[in-house]
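Working notes, structure below.
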Number of protein chains: 2
Amino acid sequence: MTAARAKPYHHGDLKAALVDGALELIVERGVRRFSLAELSRRLGVTVAAPYRHFASRDELLAAVAVRALEAFGDALAAPSSELDPPEERLAAMAAAYVRFAAEQPELFAVVFGIGLDKKQRYPELRGTYEEVEGMLDACVAELCPDDADAAEQLGDAIGAAAHGYAALLTDQPGTPDPADVDRAAEQAASATRALIQGRGAL
Amino acid sequence: MTAARAKPYHHGDLKAALVDGALELIVERGVRRFSLAELSRRLGVTVAAPYRHFASRDELLAAVAVRALEAFGDALAAPSSELDPPEERLAAMAAAYVRFAAEQPELFAVVFGIGLDKKQRYPELRGTYEEVEGMLDACVAELCPDDADAAEQLGDAIGAAAHGYAALLTDQPGTPDPADVDRAAEQAASATRALIQGRGAL
DNA sequence: GTCTATATCCCGATAGAC
DNA sequence: GTCTATCGGGATATAGAC
């Protein structure tokens with residue numbers, strides 16, 4: 001915002017500007033239509049410039065995915081109160097999972113929709129992903145304090161169900177109908193309760 | 001297979017050849033790297049030729065997706081026996097759902113991974129999709145013969161959980177570790193049983 | 001070291017000739 | 001129905017200016 005310098009970038013902040021700009025452009029146009037060329041044009045920079053900071057388009061996307069995952073983690077943490085019992089915190093997290101996917105479909109897609117390697121190739125991304133997983137796990141652990149294996153099974157099941165509702169909702173192009181979002185969020189919360197209740201079968 | 005004609009295509013079967021060839025190419029290279037240009041080259045045809053049969057790349061992909069969905073439906077139908085109780089048929093379907101995604105990740109991706117509009121734009125795709133959904137619904141209906149709403153909730157939950165396990169497994173690039181596939185398939189089956197058992201909470 | 005300029009190669013799509 | 005030619009766009013590599 002400060003117009004103190006005529007050339008705000010071009011000396012050391014191009015990397016940050018690329019990540020910021022990519023995030024904006026992706027939210028506007030969608031990941032699939034995001035291009036380094038357009039981003040470079042927007043930043044008033046040559047198409048080759050980004051390659052001084054990121055080895056490939058995917059590496060820039062991985063940096064964006066870290067930001068997206070942080071926002072996702074915040075969205076999961078927000079609705080649950082310390083006062084609630086763990087069952088209801090988990091249900092709220094599942095609903096928030098679906099809502100985030102529906103409200104920020106392009107950010108969700110950067111993380112889960114373009115086959116970015118979260119487990120091997122990009123360590124920072126992996127770390128952030130595991131932090132988010134940890135939020136679920138911590139909550140499940142309170143429910144199964146004496147059985148780590150049962151906790152893992154239940155955590156996986158709740159995560160899978162929430163992810164399934166989110167992915168099926170996001171699967172269709174365009175912004176989903178708000179009524180469908182509400183419905184899917186409530187279904188994810190209910191499925192969480194059902195899994196907890198029926199967890200003897202896991 | 002019959003070598004009766006020297007030029008099997010090039011006069012009326014290019015359309016079928018395109019779908020067949022696209023399916024092969026996608027399995028080999030992945031949907032994201034699939035290109036009309038390479039397909040045309042393989043079929044010994046100009047890049048413009050496919051446009052006489054499909055208005056766009058996506059329209060060809062939709063035709064491929066119909067085939068992929070048919071294979072998916074077959075995979076879901078195979079493991080369940082008429083003799084099994086509905087609970088176990090549903091568990092088997094959930095496991096088969098995950099196995100199909102893991103064993104044919106590129107076919108799964110054509111249907112669920114590239115944002116192809118299954119509900120509006122491609123009617124044939126929509127119909128095939130609904131047929132597959134119907135397999136699940138029919139099975140769930142046996143469990144809740146008197147309550148259509150409960151059946152829908154349970155069907156959605158089982159579908160979402162299976163889809164979640166499948167999507168999270170397929171999310172990573174490359175072929176998944178067979179041990180992870182077995183594990184996820186069993187987890188999907190267990191989650192199905194848990195949802196049935198805890199369905200009072202839905 | 002960071003960016004510009006340029007060039008290569010691939011792709012999707014379209015117009016018009018045969 | 002297919003081919004030739006062509007447009008616009010994008011990812012990426014390299015060479016060289018600052």
Side-chain angles (χ1 to χ4, degrees), chain A residues 5-26 28-65 106 109-110 114-117 121-122 173, chain B residues 5-26 28-65 106 109-110 114-117 121-122 173:
Chain A
R5 284 176 319 210
K7 299 174 146 196
Y9 303 120
H10 293 257
H11 40 64
D13 266 7
L14 216 211
K15 184 162 188 174
L18 284 165
V19 180
D20 292 345
L23 202 57
E24 283 175 32
L25 201 46
I26 285 169
E28 281 176 40
R29 298 232 198 300
V31 217
R32 279 161 190 130
R33 271 168 305 199
F34 163 78
S35 83
L36 279 186
E38 185 177 2
L39 175 59
S40 303
R41 243 176 276 132
R42 245 188 218 212
L43 296 177
V45 142
T46 303
V47 290
Y51 289 88
R52 287 291 127 191
H53 303 278
F54 297 97
S56 68
R57 180 181 185 272
D58 271 9
E59 240 175 61
L60 171 54
L61 287 179
V64 173
E106 296 307 336
V110 176
I114 57 173
L116 218 53
D117 191 333
R121 207 174 178 85
Y122 307 106
Chain B
R5 284 177 319 209
K7 300 174 143 198
Y9 306 119
H10 291 258
H11 37 65
D13 268 6
L14 215 211
K15 184 163 188 173
L18 284 166
V19 180
D20 292 344
L23 202 56
E24 283 174 32
L25 201 47
I26 284 169
E28 281 177 38
R29 298 232 198 300
V31 217
R32 279 161 191 129
R33 271 168 305 201
F34 162 79
S35 82
L36 280 185
E38 186 177 0
L39 175 60
S40 303
R41 244 175 276 133
R42 244 188 220 211
L43 295 178
V45 144
T46 302
V47 290
Y51 289 89
R52 286 292 127 190
H53 302 279
F54 297 97
S56 68
R57 180 181 184 270
D58 271 10
E59 240 175 62
L60 172 54
L61 288 180
V64 174
E106 296 305 336
V110 176
I114 56 173
L116 218 54
D117 191 334
R121 206 174 178 86
Y122 307 107

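Sequence lines set the chain letters: A, B, ... in the order given, protein chains first and strands last, and positions in each chain run from 1.
Using a 4.0 Å heavy-atom criterion, one finds that S35(A) contacts the sugar-phosphate atoms exclusively. Across all strands, A49(B) comes closer than 4.0 Å only to sugar-phosphate atoms, never to a base (heavy-atom distances).
Of the candidate nucleotides dC3(D), dA11(D), dT14(D), dC3(D) has the atom nearest to the side chain of V45(B). For R41(A), counting side-chain heavy atoms from C-beta on, the closest listed nucleotide (dT4(C), dA5(D), dG10(D)) is dG10(D). Side chain of L14(B), nearest nucleotide from dT4(C), dA13(C), dT2(D): dT2(D). Side-chain atoms of V47(A) lie closest to dT6(C) of the nucleotides dC3(D), dA13(C), dT6(C). For A37(A), taking side-chain heavy atoms from C-beta onward, the closest of the listed nucleotides dC3(C), dA11(D), dC11(C) is dA11(D). The listed nucleotides are dA5(C), dT12(D), dA5(D); the one nearest the side chain of T46(A) is dA5(C).
For L39(B) and dT2(D), the CG to P distance is 13 Å, given to the nearest whole Å. Summarising the geometry, the separation between CG on L60(B) and C1' on dC11(C) is reported as 15 Å, rounded to the nearest angstrom. Taking atom OH on Y51(B) and atom P on dT14(C), their separation rounds to 7 Å, with Å as the unit. Across the protein-nucleic acid pair, K15(B) atom NZ and dT2(D) atom P stand 12 Å apart, rounded to whole Å. Spacing between atom CZ of F54(A) and atom C1' of dT2(C) amounts to 14 Å, rounded to whole angstrom units. Whole-Å rounding puts the L36(B) CG to dT14(C) P distance at 12 Å. Distance, D58(B) CG to dC11(C) P: 16 Å, rounded to whole Å. One atom, CG of L25(A), and another, C1' of dG9(D), lie 14 Å apart when rounded to the nearest Å.
Taking 4.0 angstrom as the limit, R52(A) places none of its side-chain polar atoms (N or O) nearer than this to OP1 or OP2 of dC3(C). In terms of phosphate contacts, H53(A) brings no side-chain nitrogen or oxygen within less than 4.0 Å of OP1 or OP2 of dG1(C). Of the side-chain N and O atoms in R33(B), none sit less than 4.0 angstrom from OP1 or OP2 of dC11(C).
Taking 4.0 Å as the cut-off between side-chain N and carboxylate O, E38(B) and R29(B) count as a salt-bridged pair. Taking a cutoff of 4.0 Å between a charged side-chain nitrogen and a carboxylate oxygen, R33(B) and E106(B) do not qualify as a salt bridge.
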Derivation of the side chain to side chain contact (heavy atoms under 4.5 Å, CB included) call for R57(B) and F34(B)
CA-CA 10 Å; R57(B) 180 181 184 270; F34(B) 162 79; 3.9 Å; yes

Under the side chain to side chain contact (heavy atoms under 4.5 Å, CB included) rule, what do L18(A) and V45(A) come out as? Steps first, then yes or no, please.
CA-CA 10 Å; L18(A) 284 165; V45(A) 142; over 6 Å; no

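Exactly one residue among L36(B), V19(B), L61(B) makes a side-chain contact (heavy atoms from CB on, under 4.5 Å) with F54(B). That residue is V19(B).
Along DNA chain D, the nucleotide closest to F34(A) and the one closest to A48(B) are compared, and the more 5′ of them pairs with A48(B).
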